[in-house]
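Everything below concerns the one structure shown next.
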Amino acid sequence: MYIASTTAPVNIATLKYWGKRDKTLNLPTNSSISVTLSQEDLRTLTSAATSETFSEDQLWLNGKLESLASERTQMCLADLRQLRAELESQDDSLPKFSQWKLHIVSENNFPTAAGLASSAAGFSALVVAIAKLYKLPQSMSEISKIARKGSGSACRSLFGGYVAWEMGVEEDGSDSKAVEVAPLEHWDNMKAVILVVSADKKDTPSTSGMQTTVHTSDLFQWRIKEVVPTRFEEMKKSIVEKNFPVFADLTMKDSNSFHATCLDSFPPIFYLNDTSKKIIKLVHAINEFYKETIAAYTFDAGPNAVIYYESQNESKLFAFLYKLFGKVSGWESKYTTESLTAFTTEFETIKEQLNFAIDEELYKGVSRVILTQAGPGPQDTDLCLISEATGLPK
Ligand code: DP6
């Protein structure tokens, strides 16, 4: 039996992928950009094993046996096996992994209940673990094309730091891949607060939501033709120049633009709820208060807010965020009591100058705070989820 393991990160887009020009190959209607988040807080760990004795492909996700039947997963496995078969055809001494079955075991270090898109980290880890097992020589960008077929946004989780998914123009998707805009070290003081907003019902899944938008929204045509192509270049430049105010404005505008196309879909799709909208107003009020853009919100296909900021502005931002969301769990694991008291003191010193009203009830719409930062791409690991004796989950 042969086994390989990897970890893979979550990424949160600052320029959103929304819309497919090819549903089967997951080819997008526009390029997108994301920041990869730290795996200390959010990651998938996946082990993949292969053996001549395995009788079927099997997948265990967070302790439960899951189906591998989905067309997306099947496409990923077929692509990986084909690359392995090419290697085997060049070197007779290689074991014929491409013909053997796989056992895949995968675990997230965050509760699925948090409602955070885990498909990006999940497909990224699955594809990287098998690519490692098969000792594939392809670059991360090449491998990202396989992860893309699992879930579009997964291709961006193959890199750390700042990542672009270039939409490409080819019909077969051969140029639709993730590339690094800048490594983590280039802009390593980027941090993120995730406000997990309680949702009362299940949102429209992104896959079907984006199909509705593509087919019914007029605004969407303007977005993909005029708005995103310019913004893509501007955002890459802001990352290269580490210009937070520009990066932040583009990020907020793009989140709003994406949610506007959702509202313009027919029937309309609503991902933001009242709490999300109050958080949007709050971030604008904070930036206005400091007369400087120190924070940027962005929202995916759900009500959760991700707020990006630079570490040197943490006490300024947390004066407000700790005041408003200090009752919600997530702070104690990251900050000492002294640091938390300092955030409260900071608020006390500025509260006389406040030019907007604080909504003392806002925390009630938030179930959890995740305090994290930009992070690296998939990592090798000594952890292994598969027993060498049985080939089954440990
Ligand atoms: C709003 O990657 O989940 O998070 O390709 O159908 O699996 P599929 O969709 P998915 O969509 C993510 C949409 C988004 C924006 C983004 O991450 O860029």
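Counting convention: from 1, in listed order, for ligands and their atoms alike. Every value quoted in this text rests on a predicted model; they were computed, and no experiment measured them. One-based numbering along the sequence shown.
Between Phe220 and Asp264 the shortest heavy-atom distance is N-OD2, 4.5 Å. Residues Tyr271 and Ser206 come closest through the heavy atom pair OH-CA, 4.2 Å. Here the closest heavy-atom approach between residue Ala248 and residue Ala295 is recorded as CB-O, 4.4 Å. Shortest non-hydrogen contact noted between Arg81 and Lys101 is NH2-CA, 3.8 Å.
Side-chain contact of Ser119 with Ser151: a donor-acceptor pair under 3.5 Å is present, judged by distance alone. A donor atom on one side chain and an acceptor atom on the other are not found under 3.5 Å apart for Thr261 and Arg223. A donor-acceptor contact closer than 3.5 angstrom is absent between the side chains of Arg21 and Thr29.
Below 4.0 Å from some heavy atom of Met210 lie the following atoms of ligand 1, by number and element: 9 (O), 11 (O). Atom numbering of ligand 1 starts at 1 in the shown order; those under 4.0 Å from a heavy atom of Ala13 are 16 (C), 17 (O), 18 (O). Each of the following atoms of ligand 1 lies closer than 4.0 Å to a heavy atom of Ser206: 3 (O), 9 (O), 10 (P), 11 (O). Near Asn26, with a cut-off below 4.0 Å to any heavy atom, the atoms of ligand 1 are 5 (O). Interface of Ala301 with ligand 1, defined as ligand atoms under 4.0 Å from a residue heavy atom, comprises 1 (C). Listed by number with element, the atoms of ligand 1 under 4.0 Å from a non-hydrogen atom of Phe258 are 1 (C). Per-residue contacts place Gly152 under 4.0 angstrom from the following atoms of ligand 1 (heavy atoms of the residue considered): 2 (O), 5 (O), 7 (O), 8 (P).
Distances between N or O atoms of Ser151 and those of ligand 1 include at least one value under 3.5 Å. Inclusion of Lys16 in the set of residues having an N or O under 3.5 Å from an N or O of ligand 1 is not warranted. Polar contact check, Ser32 against ligand 1: no nitrogen or oxygen pair lies under 3.5 Å apart. The shortest N or O to N or O distance between Lys20 and ligand 1 is below 3.5 Å.
Annotation: side chain of Phe247 is in contact with side chain of Ile239 (closest heavy-atom distance under 4.5 Å).
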